[in-house]
Each structure stands twice: as C-alpha cells, then as structure tokens.
Asker: 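This structure is in structure tokens; I'll ask about it shortly.
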Amino acid sequence: MEAAMLNCNPQQQHQALFIDPVRSVSLGPSTARIPPATVFLPRTHFPKQLSRLSTSRSFSSSFLGSRLREQSSKAARRASSRDLCCARAETAVDSKCVQADTAVDSKPTVLVAEKLGEAGLKVLRTLANVDCSYDLTHEELCTKISLCDALIVRSGTKVTRQVFESSRGRLKVVGRAGVGIDNVDLHAATEYGCLVVNAPTANTVAAAEHGIALLAAMARNVPQADASMKQGKWQRNKYVGVSLVGKTLAVMGFGKVGSEVARRAKGLGMHVIAHDPYAAADRARAVGVDLVSFDGAISAADFISLHMPLTPATDKVFNDESFRKMKKGVRIINVARGGVIDDEALVRALDSGIVAQAALDVFTKEPPVDNKLVQHEKVIVTPHLGASTIEAQEGVAIEIAEAVAGALMGELSSTAVNAPMVSAEVLSELSPYVSLAESLGRLAVQLVSGVRGVKSVKVIYASARAADDLDTRLLRAMITKGIIEPISDTFVNLVNADFIAKQRGFRIIEEKVPHDGSPQEPLESIQVQLAHVESKFASALSEGGDIIVEGKVKDGIPHLTKVGAYSVDVSLEGSLILCRQVDQPGMIGKVGSILGSQNVNVNFMSVGRTAPRRRAIMAIGVDDEPTKETLQRIGEVPAIEEFVYLKF
Ligand SMILES: NC(=O)C1=CN([C@@H]2O[C@H](COP(=O)(O)OP(=O)(O)OC[C@H]3O[C@@H](n4cnc5c(N)ncnc54)[C@H](O)[C@@H]3O)[C@@H](O)[C@H]2O)C=CC1
Ligand SMILES: O=C(O)C(=O)COP(=O)(O)O
C-alpha cells in the first residue's frame, strides 16, 4: 500500500491543537457540561510566586485544557460572570457571607467554605473570583455550588453526593485544605469527573506537635489542674501524673504525622513501636522504631497514639475487643479521626480502668453533641485543633490554593486524591500522543453505525520500549474521552474515564507490540479498534468486522495513518472527509475544486490505495465545515463509492 500526501497549510497545525471544533460550551448553571478537553495533569513546577501563578502555563495545561477553554469559552465566561453576580446578590443579603470579591470578569469562581489563610486567598485571587462564605448549611452549599468551579473546605464541611449533583457539572475541583478527605464523597466526585485535591504536608508538624502536647498534658493532668486552679483550688496531691521517659508508645499509623510523633517521642526518652501494615520497615528503622502487629502494639503499649486515616478497615478498630487486649492503665491519644474509636467502648474501658486516660482532638461527630467522652473526668479534649497553628494554616492555605489553581488551569496537582498520578517525565514525553489518542477515539466512534453498539475497544500501542516502561493510563483516558464525548453529554477526564467506560459497558483492552525503533520515543503508533461493529464507512472495517484507525505523531503533530486496511497520511486537525474511490487520475482535482468552489479550505490531502488503478481512500483534511450540498456534490462524483465526513 502507498500513501501520497499533500500538505496544504502547515502553518495552522499548531493552532489546530488548541481549537475545540465539536463542542460549544457553557459554564452556566443551565448546562450539565463543563469545559471540554479538560484533562487534569500534574504540574512540573508549581508556581510558588503569585506572579508566576498568573502567567504560568505549563505545556500540560496549554495543550489540553486551559487554552482550549480560553479560546472556546468566551460565552462561558460571560455566563460565569453572570453567575457570580447572582451569587453576590445572594451573599449580600446573607449574614453568613464573610467576604465576597467585587470584581466581575471572566474568571472562574472558587467558593471557600471554611476559613482559609490570607496567603492562599491571595493565590486564588490571581486567577479566580473568590467567594468566602463560611458556615453555610448543607442546603445553602448545595444552592451555591452550581455557581462555582471550585470548592475549598476543611474538615467541617461535608461534600456529599448531593453537592456534586447540585453543581450540575460545573464543579471541577474540590480542594481539601488539610489531609483527611473522609468528609468528601470521593466516589461521587469521581463519577462526576470532579478532581479532589488535598494539602497533605503543610499541617503534618502541627498535628504531630498537638499529639505530643496532648500526650504530655494528659500524663501531667495539665488541663484539669488548670481548671482547678481557676476555681481557686490548690490540689497538688490530686494531680500527680505519670512520667513519659522509658514508657512504651505505640504509634498506630506510621505515616507523615505518626513518624513525626515517633521522632519527638524518642526525644522524650520513650520506647516507640509502631503498627502500620503499609509502612516500609526500613523507614521505621531509620527513626529507631520497630513495626509490629496490631495486637503486638496495643498489648505492649503504655501510651497509644492514633495516626491512621478513617477507612472502612479502621472504622471503630478500637473497640471492646481491642481494649480488652490492652495493658491495664493504658493511655490513648487520638489526633487522627474520631471514627477509629468506638465511643461507647472507650467509655466502658475508661470506667473499668483498662484505659487510665484519653486525650481526644477528634470526634465521631463534630462538633460533638451529648458525647459522654467530652464530659468524662479521665478524658481531656480539644476541638479538632491538630492542624490549627498559624504556620500550618498559612502553609495549608498556600498548598491547597496552588493545587486548586493548577487544576482550574487544566493541570493535575501532585496531591490529586481521585486521579492516577502521571509523573511529569511521563507526561512530558506523552504530550503529543495525548491529542492523537483523543482524536483516534473521536474518529473511530464517528465511523460506527447500526445497532450493535460499542462493547469492546482494543488499543494497540507499537513501541520500542519494554511493556512495563510505557505508562498508558493517560492515553487510555483520552481514547475513552474521544469515544464517549461525541456520543453523550458525559464529560470525561483522567479522573472518571475508567469509571465512565465501565458504566457504559465497554471494555478497553490494551496491547503493547514491539517496534524496531528507538526507545527514546515512547511510541511509534496507536491503533484503536472497535470490535464487531457496523460502520457507515465500510472501508474502515477489517475483515473481522472491527473498525480500525491508527495514528502516529510526526513533528509533534498527530497524524491519521491507517483506516481499515488503507494507509493514509493526514494531520488530525480541523475535520476530515474520507472517500473510497476507484483510483483514477483527476480525483484530487475534482474533489478539491468542489471544496474550493464552496470556500472550504483544504489543509491536507492523502491518498492510500491497494494497487494502482484499483480502490483507494482519499483522506482530506478541511479547516471549514462543508455544507450538506457540498458533501452531496462530492458523493455525486461517479468514481466515489462511499464517503464520510468526520469532526475531531
Ligand atoms: N487532628 C487534626 O487536626 C489532624 C488530623 N490528621 C489526621 O491524621 C491522620 C494521619 O495523617 P497523615 O499522617 O498526614 O496521613 P498519612 O497518609 O501520611 O499516614 C497515614 C498512615 O496510616 C497508615 N494506615 C492506613 N491504614 C492503616 C491501618 N489499618 N492500620 C494502621 N495504619 C494504617 C497508612 O499506611 C499511612 O502510613 C489522618 O487521619 C489525618 O486526617 C492530620 C492532620 C491534622
Ligand atoms: O488535615 C486534617 O486531616 C485535619 O484533620 C485538619 O482538619 P482542619 O483542616 O483543621 O479542619
């Protein structure tokens, strides 16, 4: 097979990557769609300076998200501004509104639902309208959310499925200004294609310090003694404490906070052991800590400090059974999550003397209502203050603001919680193939006809790399996006691609085949096959009845290189007309002049044939959409047996 190529307008190739030809977009509340082609990608260098934030456009955002949005969503922005005006009108009469920016322009809207440090707000204001509305009820949040592109919360706001439903597709990112994301319904976020990011590092030291503060305060009865003195008493005998030095501390959950607590406790002369089924033993050893089993930890400890997340596996893991296994007189500190302890069981353990004392910063329900633990004389409590230092809140605010800002620019923060991480290196080398992958998916699905439906998609990656040296998650997501978005109202991104594919009942099978090229290049080609379907362009079908389209990246530009059994070579930009014809002289001229007479600019033309003067496929890339009449005239050219018009 041969392929001949005519490049009519090479200057426009780069432009075409940034133009979304298919979808018109509204950010307004009346539409279920959010801006197209947003794929969340990690940032290589996250802007630390405000000036960098406002000007920064890493390649990842530009080739996938924000430039698309910038060019295609002027109307959307007007809607966004309008929405913001509405939001302000509402908040003006809302006494709970702490602060709402007044500038109305084309920026996205970020709702900050809990107190966030000024440094973070400053970062956000460089690219967004920031609406700080604290202490909203759940209903008020659900009402407001359809006007917001991003939401920032701490632990006090429940971001439920209803919040995502109420956003009607507008909410693109939820930022949790802290670590624990147990207050965000991640399943719902993923289903709605909403990225969830957190700020996992900035409050680590604060939480660890609070754990140590509670440990020492509990051991020496500091809060009780303070309260007693304030009542005018001097009770030196009543408040004799216990020493820490030489005692065994079990750190349950040897993550960021747990390991910092361990380090500090070692400094206090404690013997520290830890339980964490997922922690590396050498990391623990480096701090001088032995990792032990759950039972081993709780049965040996004089003090137990909890630092695991609340998950189905840790929910009420401290219960009657585990308290029974503890040393009598053990002391417990919880700066993690209230839900890891069965409250009633702890009350029983305190009353029976198994647990001598407890220090709690976190509660099953916050704020606690009628919680016996809060009133218990052996318990000291703080109102979830672990992360509440000036320094930590400043850091958290910046960390989350940068993550949210990056996500709004179409990038994936390195702290994404519900999306696969794609490293900056992988992203950098896959960037041209990402656009190719989406275009191939888009092309393949537009070739489908009949009633069989798309059940199975096979993707073949030809690469000189070893199979385990090619991360295809991003490409798979883009192919899914390309297949689904033209045929539905669903917005697909890296967050929800696999979920949406499964929901629509099609399987994606990936195969990597070796190619004799340089392993410097990650890929030679991508082939997308839609198995056992009918096609409106029979030439796109293999003998086995699968639609086949294949493409390559040439000079950074995605090209279609194969349709069915025919080789072609046409850059994937604008739209495409595929014609199958009897190969004969003058065909390019005939079709070209029909298009020219209708002012349709041809940017690429390529003919692939089985043999001279037999059947050939002509692939014509056009910048402008031909009218029905123009397409009809092409169909009437006698040598043309079938043709199809496709948009990318
Ligand atoms: N009270 C407060 O204000 C704050 C509370 N936190 C909470 O502290 C906890 C820890 O935070 P980080 O250390 O930053 O998180 P992290 O993710 O770094 O550490 C959690 C550790 O728990 C381990 N883990 C998971 N399941 C476990 C299980 N079944 N048993 C034992 N270990 C298990 C993980 O392997 C991980 O090493 C989280 O729940 C977080 O929400 C964090 C910051 C402030
Ligand atoms: O980061 C965490 O997990 C915390 O618990 C801190 O919560 P906060 O941001 O103080 O509501």
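Indexing begins at 1, ligand by ligand and atom by atom, following the structure's order. Heavy atoms only: backbone and side chains are in, while hydrogens, waters and symmetry mates are out.
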Asker: Specify side chain, backbone, both or neither for A387, according to which of its non-hydrogen atoms lie closer than 4.0 Å to ligand 2.
Answerer: side chain

Asker: Measure the distances from the heavy atoms of A177 to every atom of ligand 2 and state whether one is below 4.0 angstrom.
Answerer: yes

Asker: Before giving the answer on side chain to side chain donor-acceptor pair (under 3.5 Å), spell out for H384 and T382 the whole-Å C-alpha distance, their side-chain angles and the decisive distance to 0.1 Å.
Answerer: CA-CA 6 Å; H384 202 146; T382 48; over 6 Å; no

Asker: Could you pull out all residues at least two apart from K328 that satisfy salt bridge (charged side-chain N to carboxylate O under 4.0 Å, His left out)?
Answerer: none

Asker: For ligand 2, which is the ligand I care about here, please tell me if A336 has any N or O atom under 3.5 Å from one of the ligand's N or O atoms.
Answerer: no

Asker: Specify the protein heavy atom at minimum distance from atom 2 (C) of ligand 2: its residue, its atom name, and the distance to 0.1 Å.
Answerer: R176 NH2, 3.1 Å

Asker: Write out the residue and atom name of the closest protein heavy atom to atom 1 (O) of ligand 2, then the distance separating them to 0.1 Å.
Answerer: V179 N, 2.6 Å

Asker: With a 4.0 Å cut-off, would you call R264 and E260 a salt bridge?
Answerer: yes

Asker: Is there a donor-acceptor contact under 3.5 Å linking the side chains of T160 and D185?
Answerer: no

Asker: Below 4.5 Å, heavy atoms only, C-beta onward: do V110 and D131 meet side chain to side chain?
Answerer: no

Asker: Give a yes or no on whether a salt bridge exists between K122 and E118, defined as a side-chain N under 4.0 angstrom from a carboxylate O.
Answerer: no

Asker: Just checking F499 against Y192, ring centres under 6.0 Å apart?
Answerer: no

Asker: Under the side chain to side chain contact (heavy atoms under 4.5 Å, CB included) test against F254, which residue among V289, V272, I273 passes?
Answerer: V289

Asker: When you look for heavy atoms under 4.0 Å from ligand 2, do you find them on the side chain of R337, its backbone, both, or neither?
Answerer: side chain

Asker: Checking contacts here: is it the side chain or the backbone of V362 that comes within 4.0 Å of ligand 2, counting heavy atoms only? Could be both or neither.
Answerer: neither

Asker: For ligand 2, which is the ligand I care about here, please tell me if E114 has any N or O atom under 3.5 Å from one of the ligand's N or O atoms.
Answerer: no

Asker: Would you say the side-chain atoms of T201 and E399 include a donor-acceptor pair closer than 3.5 Å?
Answerer: yes

Asker: Measure Q393 to ligand 2 on non-hydrogen atoms and call it side chain, backbone, both or neither using the 4.0 Å cut-off.
Answerer: neither

Asker: Any N or O on S388 sitting closer than 3.5 Å to an N or O of ligand 2?
Answerer: no

Asker: Can you see whether D343 engages T364 through a side-chain donor-acceptor pair at a distance of less than 3.5 angstrom?
Answerer: yes

Asker: With the criterion set at N/O pairs under 3.5 Å, what does the list of contacts between the protein and ligand 1 look like, atom names and distances included?
Answerer:
| unit_1 | atom_1 | unit_2 | atom_2 | d |
| --- | --- | --- | --- | --- |
| ligand 1 | 1 (N) | V335 | O | 2.9 |
| ligand 1 | 1 (N) | D361 | OD2 | 2.9 |
| ligand 1 | 3 (O) | H384 | NE2 | 3.3 |
| ligand 1 | 3 (O) | G386 | N | 3.3 |
| ligand 1 | 3 (O) | A387 | N | 3.1 |
| ligand 1 | 13 (O) | K256 | N | 3.2 |
| ligand 1 | 13 (O) | V257 | N | 2.8 |
| ligand 1 | 18 (O) | K256 | N | 2.9 |
| ligand 1 | 18 (O) | K256 | NZ | 2.8 |
| ligand 1 | 35 (O) | D276 | OD1 | 2.8 |
| ligand 1 | 35 (O) | D276 | OD2 | 3.2 |
| ligand 1 | 37 (O) | G255 | N | 3.4 |
| ligand 1 | 37 (O) | D276 | OD2 | 2.6 |
| ligand 1 | 39 (O) | M308 | O | 3.3 |
| ligand 1 | 41 (O) | G180 | N | 3.4 |
| ligand 1 | 41 (O) | R337 | NH1 | 3.4 |
| ligand 1 | 41 (O) | R337 | NH2 | 3.2 |

